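Attaching a single structure in C-alpha cells format; questions to follow.
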Amino acid sequence: MTLRVYDTRMREKRELSTLEEGKVSMYVCGITPYSPSHLGHARCYLAFDVVHRWLEASGYDVDYVQNFTDIDDKILDISDAEGVDYSVVANRNIEDYLDVMDAMNVLRADHYPRVTETISEIIEMISVLQDKGHAYVGDDGVYFEIDTVPEKFGQLTGQTLDMVRAGAGGRVADTGSGKRDHRDFALWKLAKPGEPSWESQWGEGRPGWHIECSAMSLNHFGEQFDIHGGGHDLRFPHHEAEIFQSECCTGREPVVGFWMHNGFVNVDGEKMSKSLGNFWTIREAFQNHTPLALRYALLSVPYRNPIDLTPEFLEDAAMHFERLIEAYGKSLSSHADSGTDLSGASERFAAAMNDDFNTRAAIIEVQAVVSAEYGSEVAAWLEKHAGEVLGLLPDSEEVLAGLAKADSAREEVAVRVEALLKERETSRESKDWARADEIRDELASMGVVVEDGPDGPAWRLT
RNA sequence: GCACGGGUGGCAGAGUAGCUAUGCAACGGACUGCAGAUCCGUGGACCCGGGUGCAAAUCCCGGCCUGUGCUCCA
C-alpha cells in the first residue's frame with residue numbers, strides 16, 4: 001500500500017517519494033505570535049500533526065520544522081500600544097500557542113526556529129540573491145526582482161505575470177514603496193525610527209516576511225526538502241516567494257517536493273480570520289468543548305476541505321468523542337479478548353490515511369470499532385489508531401481514573417437511589433403511574449437517569 | 001475581472017464509469033404504563049444544459065452558484 005499525497009504545485013495526488021529513503025523533511029509555516037491562537041490555527045497544526053504522526057507510524061523518520069515569525073508589523077503595533085518590548089508580546093503568544101497545542105495532543109515539532117534567531121542566515125541569503133542579480137536596493141529596503149526569473153511565477157496558483165501585472169482588476173494602486181514593480185517583494189525592510197532593528201550592509205532593518213522560511217529551511221534541510229505545509233492562503237504570495245528566493249539562491253529546483261495546503265475554518269461560510277474579526281480563540285473554544293473533543297471535530301473533515309463551524313458540528317463531534325472514550329474505558333477494564341476481528345478495520349484505516357491523510361474516512365473506521373463488542377483487543381486497536389495516529393485518546397490512566405471517579409460518585413448516591421427505585425417499583429406494581437413518574441423526576445433532579453428494561457430499572461448519572 | 005478549489009440525501013462526508021458508502025438526524029417496528037436506552041428495519045442525493053460511452057455522480061464542453069487568492073492572514 002502506498003501513501004499518496006496531494007501536491008498543490010502539480011495539482012494531483014502522487015505517491016510520496018522523498019529525497020532520502022525512509023526519511024521525510026517537513027517544514028510547516030508557523031504562527032505570527034501577535035495574538036492568542038484561533039481555531040484556524042488549530043486546524044492547520046492539527047492537520048500537520050496527523051501528517052507527522054502517520055508518517056512516523058508508516059516507518060518514516062520525520063524531521064519536522066515549524067517557525068515562529070516573532071518580529072512583524074502587528075507585533076510592533078501591539079508592543080507599542082502596551083509599551084513593552086516586541087519580544088514580550090511574541091513570547092506571551094508563543095507560550096499560549098504551545099499550551100493549547102499540548103492540550104490538544106499535538107506532538108512538538110523537532111525545531112521551532114525564530115526569525116530573530118535567524119537574522120544572520122537571512123542576511124547571507126539576501127546578499128547571495130543580490131550577488132546573483134535577483135535583488136535590488138530600493139529607497140526603503142531590498143527587493144526581489146520578479147522579472148529576473150519570470151518563468152518561476154505562478155507555480156502554486158496558476159496566475160501569469162501578465163494578469164497580475166494588469167493590476168488585479170484595478171485593485172493594485174501605488175505600492176507606496178521603493179519597488180520597481182508591484183509584484184516584487186521585500187527581502188529586507190529598513191527600520192523606521194524607534195523600530196527594533198538589526199544591522200546589515202543595507203542599513204538597520206529587519207527581514208521581509210517571506211525570506212525567513214527560505215533561510216530556515218535552507219538552514220535545517222539544505223537546498224531541497226520533502227514537504228512544505230501551511231494554510232491555503234499562503235500559496236500566494238508567501239509560498240511562491242519562497243520558491244523564488246530558495247531556488248534563485250541555490251540554483252536547485254524544485255526546492256520542495258510536495259506542497260501541502262490545508263483548507264480553512266469558516267464561520268457562516270466565511271473564512272475565520274483575525275482581520276475579519278470573526279474568530280474564536282482556541283481557549284474560548286475550550287470553554288465549551290474539551291481540547292480532545294475539539295481535536296475530534298477538526299479532524300473529522302479531510303484537511304483540504306473547508307470546515308463550516310457551527311455549534312451543531314461541534315456538538316456532534318463531542319458526542320462521538322465521548323462514545324470513543326467510553327468504549328476505550330470499557331475495553332480497558334475488560335481484560336479478556338472478545339474475539340472481534342479487527343483486521344478489516346485496520347486495513348481500511350490504513351487505506352484512508354494513505355489516501356492523502358483522509359482523517360474523515362479513518363475516523364469512520366474508529367466509529368465502527370467503537371460500536372463493536374468491547375474487549376482487550378479493542379483497547380489495543382483504539383490505542384494504536386485513535387490514539388497514536390489520530391491523537392484522540394488521553395492516557396489510559398486518565399481514562400481509568402475517570403471511570404473510577406464515576407464509580408465512586410455512583411456509590412455515593414447508590415443507597416438513596418436504590419431506596420427511591422424500590423418505592424417506585426412498588427408504585428408501578430400498583431399502577432400508580434403518577435407517583436412512579438414523580439419519583440423519576442426526583443431522581444432526575446439528582447442527576448440520575450432511570451431506564452426501565454426487561455430486568456428491571458437501570459440507572460446512571462448524567 | 002483573472003487564477004485555483006468546491007458544488008452528492010436534513011447535516012457531515014466517501015465514491016473518477018457499471019455493483020449498499022458510512023455516521024448523525026428522520027421515519028417504521030420490537031420492547032415499554034409512559035419516557036429513555038437498546039435491537040431490527042426503511043426511505044432519501046448526485047447544481048443546470050448539452051456531448052462521448054452499452055453504461056456517467058464519476059470523462060468532455062458550456063452555464064450557474066460558492067469559497068479562497070490577487071493586500072497582512074493557518
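On a predicted model such as this, the values are computed, not experimentally measured, just so you know. In what follows, chains are A, B, ... by sequence order, proteins preceding strands, each numbered from 1.
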(message) Nearest to the side chain of Thr32(A), heavy atoms from C-beta on, is which of rC4(B), rA74(B), rG36(B)?
(response)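 So the side chain of Thr32(A) is nearest to rA74(B).
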(request) Indicate whether Phe236(A) forms a stack on rG69(B); treat it as stacked only if centroid distance is below 5.5 angstrom and interplanar angle below 30 degrees. (result)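 Phe236(A) ring does not meet the centre or angle cut-off for rG69(B); no stack.
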(message) Looking at the base of rC4(B), is there any donor atom on it, or on the side chain of Arg11(A), that sits under 3.5 Å from an acceptor on the other one?
(response)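 Such a pair does not exist between side chain and base.
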(request) When you get a sec, tell me which of rC24(B), rA21(B), rA74(B) is the closest nucleotide to the side chain of Ile364(A)? (result)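 Taking heavy atoms from C-beta onward, the closest nucleotide is rA21(B).
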(message) Would you measure the distance from the P atom in rA21(B) across to the matching atom in rG29(B) and give it in whole Å?
(response)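 Roughly 25 Å separates the two P atoms.
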(request) Send over the distance from Lys271(A) NZ to rA74(B) C1', rounded to a whole Å. (result)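 Rounded to whole Å, this separation is 8 Å.
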(request) Tell me which nucleotide among rG23(B), rC34(B), rA74(B) gets nearest to the side chain of Arg360(A). (result)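 Minimum distance to the Arg360(A) side chain belongs to rG23(B).
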(message) Under 3.5 Å, is there any donor-acceptor pair linking the side chain of Asp72(A) to the base of rC72(B)?
(response)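 No pair found.
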(request) Could you please name the option among rC34(B), rU22(B), rC24(B) that lies closest to any side-chain atom of Asp452(A)? (result)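 Given the options rC34(B), rU22(B), rC24(B), the side chain of Asp452(A) is closest to rC34(B).
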(request) Output the single nucleotide from rG23(B), rA74(B), rA35(B) whose closest atom is nearest the side chain of Arg440(A). (result)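 Closest nucleotide among those given: rA35(B).
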(message) Work out how far the P atom of rG62(B) is from that of rU42(B), and round it to whole angstrom.
(response)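 It works out to 43 Å between them.
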(message) Nearest to the Tyr6(A) side chain among rG33(B), rA74(B), rG5(B), which nucleotide is it?
(response)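 Ranking rG33(B), rA74(B), rG5(B) by closest atom to the Tyr6(A) side chain puts rG5(B) first.
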(message) Can you tell me whether the base of rG53(B) sits syn or anti, using the 90° cut around 0 to define syn?
(response)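 Syn, since the glycosidic angle lies within 90° of 0.
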(message) Between rG23(B) and Asp316(A), counting only base atoms on the nucleotide and side-chain atoms on the residue, is there a donor-acceptor pair under 3.5 Å?
(response)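 In this structure, the two groups form no donor-acceptor pair.
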(message) Would you say the rings of His239(A) and His210(A) are close, in the sense that their centroids are separated by under 6.0 Å?
(response)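 No, they do not, as the ring centres are separated by 6.0 Å or more.
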(message) Output the rounded distance in Å from CG (Asn262(A)) to C1' (rG5(B)).
(response)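 Going from CG in Asn262(A) over to C1' in rG5(B) covers 14 Å.
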(request) For Lys13(A) and for Gly263(A), locate the closest nucleotide of RNA chain B by heavy-atom distance; then report the residue assigned to the nucleotide nearer the 5' terminus. (result)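 Looking at RNA chain B, the more 5' nearest nucleotide goes with Lys13(A).
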(request) Say whether His134(A) and Thr148(A), considering side chains only, have a donor N or O and an acceptor N or O under 3.5 Å apart. (result)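 Side chains of His134(A) and Thr148(A): pair found under 3.5 Å.
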(message) Checking contacts here: which listed nucleotide (rG33(B), rC70(B), rA74(B)) is nearest the side-chain heavy atoms of Gln159(A)?
(response)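 Looking only at side-chain atoms, Gln159(A) lies closest to rC70(B).
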(request) Starting from P on rA35(B), measure out to CG on Leu443(A) and report it in whole angstrom. (result)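 These atoms are roughly 19 Å apart.
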(message) If I take atom CE in residue Met10(A) and atom C1' in nucleotide rG5(B), what distance separates them, rounded to the nearest angstrom?
(response)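 Result: 18 Å.
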(message) Side chain of Asp233(A) only, heavy atoms from C-beta on: which candidate in rC72(B), rG5(B), rG69(B) is closest?
(response)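 Of the candidates, rG69(B) comes closest.
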(message) On the side chain of Arg304(A), is there an atom forming a donor-acceptor pair with the base of rG13(B) - under 3.5 Å, no angle test?
(response)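 By the distance-only test, no, there is no pair.
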(request) Could you work out which one of rC24(B), rA74(B), rU22(B) sits closest to the side chain of Leu234(A)? (result)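 Closest of the options to the side chain of Leu234(A): rA74(B).
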(request) Please state whether the base of rA37(B) and the side chain of Arg460(A) form at least one donor-acceptor pair under 3.5 Å? (result)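 Counting by modelled atom types and ignoring angles, no donor-acceptor contact under 3.5 Å is found here.
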(request) Check whether any side-chain N or O of Arg428(A) sits under 4.0 Å from OP1 or OP2 of rU32(B), and answer yes or no. (result)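 Indeed not, no polar side-chain atom of Arg428(A) lies that close.
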